[in-house]
Number of protein chains: 2
Amino acid sequence: MGRTPAGETRGKVFAFVRDRLLAGQPPTVREVQEALGFRAVRTAQQHLERLVEEGRLVAGRHRARGYRLPGSSEGARTVLAPVLGRVPAGALDAAVEDPDGYLPVDARGAAAGDLFALRVRGESMTGVGILPGDLVIVRRQPTARNGDLVVARVGDEATVKTFRSRGRRVELRPENPAFAPIVLDAGAVAILGKVIEVRRILGAHGGAGA
Amino acid sequence: MGRTPAGETRGKVFAFVRDRLLAGQPPTVREVQEALGFRAVRTAQQHLERLVEEGRLVAGRHRARGYRLPGSSEGARTVLAPVLGRVPAGALDAAVEDPDGYLPVDARGAAAGDLFALRVRGESMTGVGILPGDLVIVRRQPTARNGDLVVARVGDEATVKTFRSRGRRVELRPENPAFAPIVLDAGAVAILGKVIEVRRILGAHGGAGA
DNA sequence: TACTGTAACATGCAAATGTATGGTATTGTC
DNA sequence: GACAATACCATACATTTGCATGTTACAGTA
């Protein structure tokens, strides 16, 4: 029977599988077969094997719908972090139950429930490229090390600052000369977690504004 | 045997399935079983059936890894955007096929294949809070409007700048006084896409450094 | 022609996986 | 206690689906 020039079909197979994977719906070998118009399962199968050899796909052996894109296979798993509009005093867990939305986060190491996101208010951290309206993704932990970017609760407010320990006191340092550090007794500060990522959603319309 | 108070476990089952689905890796019934610590497949199965009854999930009958989120064909969906180390001249598609990894992105509106991510080099955009090493998430499009933050190819380099049209010429403006704008004939600039999000991964260890 | 490599075909088997049958324990209600 | 409802368990069955075996067709090359 007739064939197709070298590599051409392979590219189409890859494109199909990639699109399906990126859409969150891994295809079966038979779905690849149908999509490409092959009359034998084996044909689709062979193309997939080749793509794996070439390193363009990763196969999960004997696993249904087991093909993945390299780099997204193991280790890196996506979870959803709740976006908290504000953190009510003493009720982080309650706030997590009623979020403003969810953000997909590449949770390497962190458990799903350990992450949340907060919207930054104020310009106190512009010195490290964190602007008002930015989202910080936070891993919950009760302690911090010097230099960590943390979310801490001071009174009823949750705030993003750089953490620094000074003897029995704690300094929450803004990264903007116009703001003064907050120095408190260690007992008066509750560390909610550590900032592991910063995001700025620009949206489909607006520009970046100088 | 013992049980768990009403609804509590169901929520965990749903959270697990939802996270997996949004991560692009639909779970099997047995994976749900293991993740929740059930000793019988049937238990996970029953929870899934309930979630379908409640309308929180949609089942694909007899389909492997067939559970879906209702309305997942539309609306906000998480997709994986390929992270491109660099963009070879004229071969964006080729670069997309061999990415450094993938980032989960909340793709509202954008098709899965339309998104990619680039790592920012240089300090030309620090004025808008984009630092060296930051990741920009880009939606592919061949045109831009004034003020848009774009990724453009000038010669063999892909660069992030603010777009501005000046008659038949195009200005690619850095957001840092130390850098000069690039002004070129419109034909000499290829717009690769528009920046829709900026990310900075701080990682588990290092702080933010002033 | 013969040989080699690639692309495709037809078909069967076995592992993975959804679904069903039936049973045990705990809680709450009457 | 009797009854119902819920949560869970143990196991069997049926479909889906990955993978293997073997074959045919075409192109290029010696």
Just how far, in rounded Å, is P of C:dG18 from CD of B:Q46? 15 Å

With a non-hydrogen cut-off below 4.0 angstrom, is B:T28 in contact with a base, only sugar-phosphate, or nothing? sugar-phosphate

Measure from the side-chain heavy atoms of B:R39 and tell me the nearest of D:dC19, D:dA10, C:dT17. D:dA10

Whichever of A:R61 and A:A40 has the more 5' nearest nucleotide on DNA chain C, that residue is A:A40

Whether A:Y67 contacts D:dT17 is assessed here as follows: a side-chain N or O lying under 4.0 Å from the phosphate OP1 or OP2. Is that the case? no

Side-chain N or O of A:H47 closer than 4.0 Å to phosphate OP1/OP2 of C:dT6: no

So, does B:R65 get its side chain near the phosphate of C:dT17, meaning an N or O under 4.0 Å from OP1 or OP2? yes

For side chain to side chain contact (heavy atoms under 4.5 Å, CB included), just list the numbers for B:L69 and B:V58, CA-CA rounded to whole Å, side-chain angles, deciding distance to a tenth of an Å, and then say yes or no. CA-CA 6 Å; B:L69 292 171; B:V58 176; over 6 Å; no

B:R10 side chain N/O closer than 4.0 Å to the phosphate oxygens (OP1, OP2) of D:dT6? no

Over how many whole Å does the gap from A:R50 atom CZ to C:dG5 atom P extend? 12 Å

Using only side-chain N and O atoms of A:R63, determine if any of them is under 4.0 Å from OP1 or OP2 of C:dA16. no

Using a strict threshold of under 4.0 Å (side-chain N to carboxylate O), is an ion pair present between A:D114 and A:R140? no

Ordered by number, residues from residues 29-38 of chain B within less than 4.0 Å of DNA chain C (heavy atoms) are B:V29, B:R30

Integer-rounded Å distance: D:dT15 P and B:Q45 CD: 15 Å

Looking at B:R139 and B:E197, is there a salt bridge between them, counting it only when a charged N and a carboxylate O are closer than 4.0 Å? no

For B:K161, is there an ion pair with B:E171 - N to carboxylate O distance below 4.0 angstrom? no

Rounded to whole Å, how long is the line connecting atom CZ of A:R42 with atom C1' of D:dC19? 8 Å

Residue pairs meeting ring pair (Phe, Tyr, Trp, His ring centres under 6.0 Å), one or both in residues 44-64 of chain A, sequence neighbours left out, come to A:F38-A:H47

Are B:D134 and B:L131 close enough, and set up right, to give a side chain to side chain contact (heavy atoms under 4.5 Å, CB included), and what steps lead you there? CA-CA 6 Å; B:D134 284 3; B:L131 310 183; 3.8 Å; yes

Give the rounded distance in Å between these two atoms: CZ of B:R20 and P of C:dT17. 10 Å

Rounded to the Å, how far apart are B:Q25 CD and C:dT17 P? 13 Å

Hey, is the side chain of A:T43 poking within less than 4.0 Å of OP1 or OP2 on C:dA7, counting only N and O atoms? no

Using atom CD of A:E53 as one end and atom P of C:dG5 as the other, report the distance to the nearest whole Å. 14 Å

In whole angstroms, the gap separating C1' of C:dT19 from CD of B:E49 amounts to 8 Å

Can you name the nearest heavy-atom pair linking A:R20 to A:P27, along with the distance? CB-CD, 3.8 Å

